[in-house]
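Contents: one structure, followed by commentary.
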Number of protein chains: 4
Amino acid sequence: MSPRTAEQNQSLRDESRAKIVAAALAQFSAHGYDRSSIKQIAAAAGVAQGLIYSHFASKEELLLAIFRQSVHDVRRSFTEAEAGDPARPPVVRIIEAAFSVLRGNLDFWRLSYGVRMQQPVLAALQAELPDWTAAIRERLRAALAEAGTEHPEIEAAILFATIDGVAQHYVLDPQHYPLEQVVASLIQRYKGASDGHSLG
Amino acid sequence: MSPRTAEQNQSLRDESRAKIVAAALAQFSAHGYDRSSIKQIAAAAGVAQGLIYSHFASKEELLLAIFRQSVHDVRRSFTEAEAGDPARPPVVRIIEAAFSVLRGNLDFWRLSYGVRMQQPVLAALQAELPDWTAAIRERLRAALAEAGTEHPEIEAAILFATIDGVAQHYVLDPQHYPLEQVVASLIQRYKGASDGHSLG
Amino acid sequence: MSPRTAEQNQSLRDESRAKIVAAALAQFSAHGYDRSSIKQIAAAAGVAQGLIYSHFASKEELLLAIFRQSVHDVRRSFTEAEAGDPARPPVVRIIEAAFSVLRGNLDFWRLSYGVRMQQPVLAALQAELPDWTAAIRERLRAALAEAGTEHPEIEAAILFATIDGVAQHYVLDPQHYPLEQVVASLIQRYKGASDGHSLG
Amino acid sequence: MSPRTAEQNQSLRDESRAKIVAAALAQFSAHGYDRSSIKQIAAAAGVAQGLIYSHFASKEELLLAIFRQSVHDVRRSFTEAEAGDPARPPVVRIIEAAFSVLRGNLDFWRLSYGVRMQQPVLAALQAELPDWTAAIRERLRAALAEAGTEHPEIEAAILFATIDGVAQHYVLDPQHYPLEQVVASLIQRYKGASDGHSLG
DNA sequence: GATGAATGAGATTTCATTCAT
DNA sequence: TATGAATGAAATCTCATTCAT
């Protein structure tokens, strides 16, 4: 008869929000942003349509929230993973971190790749996404430069493209893609590079 | 006004169809498939909405037709480009062909990358697309095998990923991407490989 | 904490109710009935949405309650004001009462005029409102008749229309409307009438 | 089999538009703007909901279009009616014109009075409506000044309020309101005024 | 072959109302 | 008494598609 406490309310809201975010990420990832309806998402989350709007101002805000949260998670995982074994060369640690993060967030990457080409959908992310990719590129450049690579900027662009391409091909068909071997081969190649050998 | 001959009608139809396909490709590429409306496409093509349905059974069929035609064009351009200079090693010829084809079909690639993750949109292409990518992968494998690469399958997957990644990064920002240098560096690297040197 | 006594509870309830009624009147007046949401009203009143439903069965009941209370208040003010100075002729006293009441209840009049044309909103008031206006009209008729006006019913209708019209124009733009002068001129006109002079 | 001619299309569109406007005016007038749904309007007009949006960008645009068209019609009728019999004094001609226009556009006036208090609904009309009422007020002022009335501005405000009030009371209950007699009495009163007699 | 008016299903979003606490 | 999370019906609007001409 007394009203719920603030904590009770907060945890109710948090649960709802978590269900919504999880369902939305799954739907967006599986069908793409435009093909996922609020109705579907609500059904998948087991809540009423209206509740979504008590957490997010619009469908687009929902996407942005998921994106921001995922980017945040990924960034953190990446940093952790990168720290890894200090004995291994930095480039290798970055490569390993990238694929470790990939494996743990398949849905996010699928969504991310699905939406990356749609400029209008992501108008609101335009200011945020470049930072994110630029940060990775810069890390790669620094690591390659440190290893004495000749044109670190260009080589970083190539390595970034390779990682991105592998990630995308993997995400498209995780069952059959030989990710282990591909990553192993990549590491082998760049481990050499960091010992002073040429890449090509 | 005498009635038009059958040929005249046919060529009118062909013109309409060409205008529609061109407009649709441009719209799909610029805004994505779901964000492009038949009305916009018709307006951009300078025809009535209804006419689109006299050429294509549905919006999805229009997408498929564009895809099929583009894949066909690209395949042909690729083959031509690959034939290129017989003096250069096959891997290099393939790389050069890939980027030559990329530059000539920016809109197609943008569209392609934009829908690639959306399984449902492309349900009808599921049977066709894999062939297309598999064909490229196989060509790369064969070329690498011929050059004596140790694990040609894995190395082909990596090279394919690199090409795809570079292409995608380029398509996302053609103005600023250092495509020339990236391609040159790639060619340098794989030219060496085909002379028997290691890739890593 | 000892349980609250019945009186304490009652006075808490009364305070809540007063806050809700005040907030609702302000919102209805400012944005119209349909454009005011329960959420807004609750926020403006500083209470939870649910509390409104513990006082009023529905949004429409809230409107009706406000209306009834306001009509009651206005009636009382009107009677008081009308009593006024017994030396002045009755018609004049009514006119003065009307505008005195107007000035003190701007929000109520704005709401009233905003809602008057919407038959369905006021279905439940249909039985009550006519009484209210009829009462005023009758008072005017009696006063005019007493002053010897020739067609008191018709003249009452005209005077009522004038008062209503002035009130409405005033409510629409209280800053700029020359209410003082208009009322003064009206009183001047009807003071003469009650001395036996013609109105026209 | 040949497409419809431009005229055929135009007349189809005009018919649809007319049906929509008529239905919308009736609904808005009967239930108020906010209580009239596009679904109801479409049903009343005998067209699909979507068609309304091929004629008007939004529900609000529909309201504005109706308003603008009605104001235009009313202005014209008013000017015609006012021209009337040059033998009668200008004030009288304006009064007669006002009520003549009122009788011919009951729905418009009901709608007009219904939305007049809702500032937000009519945000887009804010720049247009004042002109319209100011024009009438000015006409009244000029006519009264010409007749030698002492404070023509204030008297014009009163006469305008009377006309508006009568119109509104009439619109609220056209069946029972004694419009004829009220108008006759008004004319009588202001005919005298224009002969130099006092109004009060 | 070509037109564009018309349809209607479905999408996003709002909001009065309920109810567990 | 009071809270606010949650519901779900209904509103506005979009758009692929049809069809008379």
Side-chain angles (χ1 to χ4, degrees), chain A residues 1-6 8-13 15-17 34-40 42 47-60 62, chain B residues 3-4 8-13 15-16 34 36-42 47-55 57-60 62, chain C residues 3-4 8-10 12-13 15-16 34 36-42 47-60 62, chain D residues 1-6 8-13 15-17 34-40 42 47-60 62:
Chain A
M1 308 292 173
S2 35
R4 277 189 276 254
T5 65
Q8 280 173 317
N9 275 327
Q10 193 55 48
S11 83
L12 274 177
R13 270 189 81 75
E15 272 172 50
S16 299
R17 195 189 144 105
D34 285 304
R35 301 253 149 159
S36 304
S37 72
I38 290 291
K39 193 173 183 175
Q40 280 167 19
V47 303
Q49 292 187 53
L51 188 57
I52 294 181
Y53 289 89
S54 113
H55 286 273
F56 305 97
S58 66
K59 190 184 169 187
E60 197 170 336
L62 173 55
Chain B
R4 285 190 283 262
Q8 281 173 321
N9 269 335
Q10 189 54 46
S11 87
L12 281 176
R13 258 190 91 70
E15 272 173 49
S16 298
D34 286 302
S36 304
S37 72
I38 291 290
K39 193 174 183 171
Q40 278 167 19
I41 294 171
V47 303
Q49 295 183 55
L51 189 57
I52 295 182
Y53 288 86
S54 105
H55 285 275
S58 68
K59 190 183 172 187
E60 198 171 335
L62 173 56
Chain C
R4 285 189 282 264
Q8 281 174 322
N9 270 335
Q10 189 55 45
L12 280 177
R13 255 191 92 69
E15 272 173 49
S16 299
D34 286 302
S36 304
S37 71
I38 291 289
K39 193 172 183 173
Q40 279 166 19
I41 294 171
V47 303
Q49 297 184 53
L51 189 57
I52 294 183
Y53 287 87
S54 106
H55 286 274
F56 307 96
S58 67
K59 189 184 172 188
E60 197 170 336
L62 172 57
Chain D
M1 309 294 177
S2 35
R4 281 190 275 254
T5 65
Q8 281 173 317
N9 275 328
Q10 193 56 48
S11 82
L12 274 175
R13 269 189 82 76
E15 273 172 48
S16 299
R17 196 190 143 103
D34 286 305
R35 300 255 150 158
S36 304
S37 73
I38 290 290
K39 191 172 184 174
Q40 279 167 21
V47 302
Q49 294 186 52
L51 189 57
I52 295 182
Y53 289 89
S54 115
H55 286 273
F56 305 96
S58 66
K59 190 184 171 188
E60 196 170 336
L62 173 56

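Values reported hereafter were calculated over all heavy atoms of this structure, with side chains retained and with hydrogens, waters and symmetry mates removed. Sequence lines set the chain letters: A, B, ... in the order given, protein chains first and strands last, and positions in each chain run from 1.
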Canonical and wobble pairing (Watson-Crick, G-U, under 3.5 Å) of DNA chain F, dot-bracket with |: .||||||||||||||||||||
Contact pattern, 5' to 3', of nucleotides 6-12 of chain F - B, S or - by protein heavy atom under 4.0 Å: SBB--SB
All side chain to side chain donor-acceptor pair (under 3.5 Å) counterparts of A:Ser11, not counting sequence neighbours: none
Any residue meeting side chain to side chain donor-acceptor pair (under 3.5 Å) with B:Gln10, in chain and number order, not counting sequence neighbours: B:Asp14
Closest non-hydrogen atom pair between D:Val47 and D:Ile52, with its separation: CG2-CG1, 4.5 Å
Length of the CZ-P vector between A:Arg35 and E:dT12, whole Å: 12 Å
Atom-to-atom span, CD1 of B:Ile41 to P of F:dT17 - whole angstrom: 11 Å
A:Lys59 side chain to A:Ser36 backbone, donor-acceptor under 3.5 Å: yes
Heavy-atom check, side chain of C:Arg13 versus side chain of C:Ser54, under 4.5 Å: yes
Distance in angstrom units between A:Arg4 CZ and E:dT18 C1', rounded: 11 Å
Atom pair CG/CZ of D:Leu12 and D:Arg4 - distance to nearest 0.5 Å: 5.0 Å
Which residues share a side chain to side chain donor-acceptor pair (under 3.5 Å) with C:Glu15, sequence neighbours left out: none
Qualifying residues under side chain to side chain donor-acceptor pair (under 3.5 Å), relative to C:Ser58, sequence neighbours excluded: none
